[in-house]
Amino acid sequence: MATVCITDLDSTGILELVTGLGEPSYRAAQLEQWTYHGLASSFDEMTNLPKQFRHRLAQDCRLHTLRPVDELVDRRGTVKTLFALADGETVESTLMTYSAGKGRSRYTVCVSTQVGCPIGCPFCATGQQGFVRNLSRGEIVDQVLYFGRYLRDQGNGGRDDSTPPAGHITNVVFMGMGEPLANYDTLWKAITTLNAPEAFGLGARSMVISTAGLAPQIRRLSRERLQVGLAVSLHAADNALRTELVPVNRRYPLEQLLSACLEYVQRTGRRLSFEYVLFAGINDSIRHARLLASLLGGLDCHVNLIPANLTADSSFRAPTRDAVLAFHSELRNRRVRCTLRQARGLAIDAGCGQLRSRYAAYAPGREQLQPGDGGL
């Protein structure tokens with residue numbers, strides 16, 4: 001019989017679990033409160049639950065789905081963590097710290113949605129690993145909860161006054177391993193859990209989904225109730241080059257993709273973002289900038305320019321600083337809203353899939369998570 005994981009359940013599922021174990025229904029709200037607001041790492045921490053009930057939960061359930069197996073931290077506050085899943089597979093997540101002014105900080109978690117990735121972009125370490133499987137609701141949500149506990153514990157360690165309250169994650173971006181919209185139904189369950197006041201309680205507008213350009217799913221997203229943001233990984237403004245960089249362009253070429261993006265903007269009234277990673281000698285010329293400006297003309301959008309983060313394939317290098325600034329300037333001169341983003345975590349393999357690739361080279365035999373260990 002498969003072990004139940006609490007974070008894989010919605011509120012109704014938690015209620016059914018609790019009552020099925022013979023406990024009164026109000027225990028479900030207590031269990032959910034401890035999981036998401038209390039950021040409990042074990043059932044033993046849930047002190048207002050009867051000891052016998054906690055023992056039964058530890059026997060029959062897991063509280064979390066992940067176990068950290070490697071972690072790297074840089075001087076700017078970027079934390080990259082590799083997690084083992086119950087079946088021994090691994091995924092990565094990243095915590096990024098940004099200044100919010102007046103001594104405050106924003107804390108963004110970059111979350112994975114799949115083990116590996118089916119898109120196969122040649123410049124991406126995850127794309128080079130191939131696709132293994134989708135993550136479950138709990139495996140997605142637990143990445144956020146882990147860093148909530150991380151921030152809480154750092155705060156208890158006596159950090160400065162800019163440290164947020166316990167578990168104060170301010171933003172979640174689904175930009176880690178995998179194509180989020182290829183795991184749409186489960187992704188949306190995770191988003192619902194992260195948004196629900198009785199669960200994690202993070203505002204929908206504080207979450208962003210990144211996609212390589214799955215046009216039908218973008219159209220579906222435009223009809224959802226929650227106002228979650230959308231970022232499209234573009235990387236090229238003509239079909240020939242984009243197909244080389246983002247192979248899913250064969251299925252959903254730029255004409256279909258931009259049509260879906262326009263529908264998203266019109267239906268939601270929200271501006272979307274395009275991610276454009278700059279590769280030296282590939283997509284970083286002034287001509288490419290002009291093509292991009294022409295492609296996006298009239299669409300309510302914002303372009304994030306990101307110098308390439310090196311993977312094992314050295315053919316995808318970051319352009320020179322002058323080339324990046326010239327590209328940025330050309331877009332601005334053509335009235336394209338754009339921001340030059342700094343690559344973060346270069347010293348700790350924070351590019352998508354890099355830590356997993358390194359770990360796979362030396363990891364011992366995979367260990368299975370056991371019921372009752374809290375997944376930690």
Side-chain angles (χ1 to χ4, degrees), residues 70-82 90-98 108-117 119-130 143 171-180 208-213 231-236 241-242 244-248 273-285 288-289 292 303-328 338-361:
D70 200 0
E71 190 159 272
L72 299 170
V73 184
D74 74 6
R75 290 179 294 180
R76 298 179 61 185
T78 301
V79 183
K80 182 67 171 280
T81 303
L82 183 70
T90 55
V91 293
E92 302 174 0
S93 301
T94 305
L95 173 68
M96 295 169 286
T97 303
Y98 299 92
T108 298
V109 181
C110 182
V111 174
S112 294
T113 54
Q114 297 178 310
V115 181
C117 182
I119 304 300
C121 299
F123 57 84
C124 174
T126 301
Q128 295 161 21
Q129 295 167 6
Q143 296 170 63
N171 300 85
V172 170
V173 294
F174 300 96
M175 298 181 179
M177 295 173 59
E179 165 53 61
V208 176
I209 298 169
S210 176
T211 178
V232 177
S233 297
L234 196 59
H235 312 323
L241 179 56
R242 189 166 193 271
E244 291 181 22
L245 295 175
V246 188
V248 76
S273 297
F274 288 101
E275 309 293 315
Y276 193 102
V277 177
L278 290 160
F279 302 107
I282 296 175
N283 67 348
D284 65 333
S285 71
H288 291 114
L292 181 59
V303 177
N304 290 315
L305 297 175
I306 310 164
N309 195 348
L310 280 177
T311 68
D313 188 343
S314 60
S315 60
F316 296 99
R317 298 174 291 104
T320 64
R321 177 73 173 168
D322 287 345
V324 171
L325 292 177
F327 195 102
H328 180 247
C338 58
T339 302
L340 180 57
R341 302 290 186 192
Q342 287 186 317
R344 300 179 66 87
L346 295 176
I348 58 169
D349 292 334
C352 182
Q354 291 180 322
L355 184 56
R356 183 175 188 262
S357 295
R358 193 186 72 171
Y359 181 80

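What you are looking at is a predicted structure, and each value in this text was computed from that prediction instead of being measured.
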Stepwise, does the side chain to side chain contact (heavy atoms under 4.5 Å, CB included) test hold for Ile282 with Phe316? CA-CA 8 Å; Ile282 296 175; Phe316 296 99; 3.7 Å; yes
Side chain to side chain, [X] and [Y], heavy atoms closer than 4.5 Å:
X      : Y      : answer
Leu305 : Val303 : yes
Gln129 : Cys117 : no
Ile306 : Tyr276 : no

Given 3.5 Å as the limit, does a donor-acceptor pair link the side chain of [X] with the main chain of [Y], or not?
X      : Y      : value
Ser112 : Met177 : yes
Arg242 : Leu234 : yes
Asn283 : Ala236 : no
Asp74  : Gly77  : yes

Distance (rounded to the nearest 0.5 Å) between [X] [atom1] and [Y] [atom2]:
X      : Y      : atom1 : atom2 : result
Thr94  : Gln143 : OG1   : CD    : 9.5 Å
Ser273 : Ile209 : OG    : CD1   : 12.5 Å
Glu244 : His235 : CD    : NE2   : 14.0 Å
Thr108 : Asn171 : OG1   : CG    : 4.0 Å

Heavy atoms only: give me the nearest [X]-[Y] pair and the separation to one decimal.
X      : Y      : answer
Leu241 : His288 : CD2-NE2, 3.9 Å
Ile119 : Ala212 : CG2-CB, 4.1 Å
Phe327 : Asp284 : CD1-O, 3.5 Å
Gln114 : Val91  : O-CG1, 3.9 Å
Val277 : Ala308 : CG1-CA, 3.7 Å
Pro319 : Leu278 : CD-O, 3.2 Å

Test side chain to side chain contact (heavy atoms under 4.5 Å, CB included) applied to Val246 and Cys121, Cys124, Pro122, the passing residue: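 Answer to the side chain to side chain contact (heavy atoms under 4.5 Å, CB included) test with Val246 among Cys121, Cys124, Pro122: Cys121.
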State, without any angle test, whether Ser233 and Glu275 hold a side-chain donor-acceptor pair at a distance under 3.5 Å.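 The answer is no; no qualifying pair exists.
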Compute whether any side-chain donor of one residue and acceptor of the other, for Thr211 and Glu179, lie under 3.5 angstrom apart.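 Yes.
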Any salt bridge linking Glu92 with Lys80? Criterion: basic side-chain nitrogen under 4.0 Å from a carboxylate oxygen.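 Salt bridge: yes.
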With under 30° as parallel and over 60° as perpendicular, where do the rings of Phe279 and Phe123 fit, or are they tilted in between?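 Plane angle between 30° and 60°, so tilted.
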For a side chain to side chain contact (heavy atoms under 4.5 Å, CB included) check, start with the C-alpha distance between Leu340 and Leu325, then their side-chain angles and the critical distance, and finish with the verdict. CA-CA 8 Å; Leu340 180 57; Leu325 292 177; 4.0 Å; yes
Starting from the C-alpha separation in whole Å, work towards a yes-or-no answer on side chain to side chain contact (heavy atoms under 4.5 Å, CB included) for Thr78 and Leu95. CA-CA 6 Å; Thr78 301; Leu95 173 68; over 6 Å; no
